[in-house]
Amino acid sequence: MSKKDAETPINTTWTKLSKSPSWSSKDRYIYIKTFSETYGNQSADFWSSREVHHIRPRVYGGTNDFNNLMPVLTPNHRLITAWFNNY
């Protein structure tokens with residue numbers, strides 16, 4: 001749906017920051033608004049079953065920029081997050 005490339009290899013030279021930049025409900029709202037304007041509106045059920053994933057994690061210098069974000073089913077996002085927590 002978003003046509004974002006999930007096959008690009010992860011760069012393993014990222015430096016971990018001492019603190020992850022913030023992510024708020026307002027940031028999520030802005031992302032969903034931009035996503036809807038770009039790809040069309042999704043149902044409330046769609047968004048209630050997904051979390052917004054930072055492709056490059058914030059703790060590794062990722063931003064809240066639209067191009068660094070994508071919706072991911074909540075269980076899958078938790079697996080990705082757990083992997084990065086042990087990276």
Pairs touching residues 21-40 that satisfy salt bridge (Lys or Arg N to Asp or Glu O under 4.0 Å), sequence neighbours left out: K33-E37
If a pair satisfies salt bridge (Lys or Arg N to Asp or Glu O under 4.0 Å) and one of its residues is in residues 75-87, list it, with sequence neighbours excluded. E51-R78
Is there side-chain contact between Y29 and S24, with at least one heavy-atom pair below 4.5 Å? no
Note, W14 side chain near P57 side chain (heavy atom, < 4.5 Å): yes
What are the two closest non-hydrogen atoms of [X] and [Y], and how far apart are they?
X   : Y   : value
T38 : T34 : OG1-O, 2.8 Å
I80 : H53 : CG2-CE1, 3.4 Å
L69 : N64 : CD1-O, 3.4 Å
G61 : R56 : C-NE, 4.1 Å

I55 and M70: CA distance, side-chain angles, deciding distance, side-chain contact (heavy atoms from CB on, under 4.5 Å) verdict: CA-CA 7 Å; I55 298 165; M70 61 188 288; 3.9 Å; yes
N68 (side chain) donor-acceptor with G62 (main chain) under 3.5 angstrom: no
If only atom types and distance count, is the side chain of R58 paired as donor or acceptor with the main-chain N or O of P21 below 3.5 Å? yes
ILVMFWY network linking [X] to [Y], side-chain heavy atoms under 4.5 angstrom:
X   : Y   : result
W83 : L73 : no
V52 : F46 : yes
L79 : F84 : no

Considering residues at least two apart in sequence or located in another chain, which fulfil the side chain to side chain contact (heavy atoms under 4.5 Å, CB included) criterion with S36? I32, N41
Centroid separation under 6.0 Å, is that true for the rings of W47 and F35? yes
Between OG on residue S49 and CD on residue Q42, distance to nearest 0.5 Å: 10.0 Å
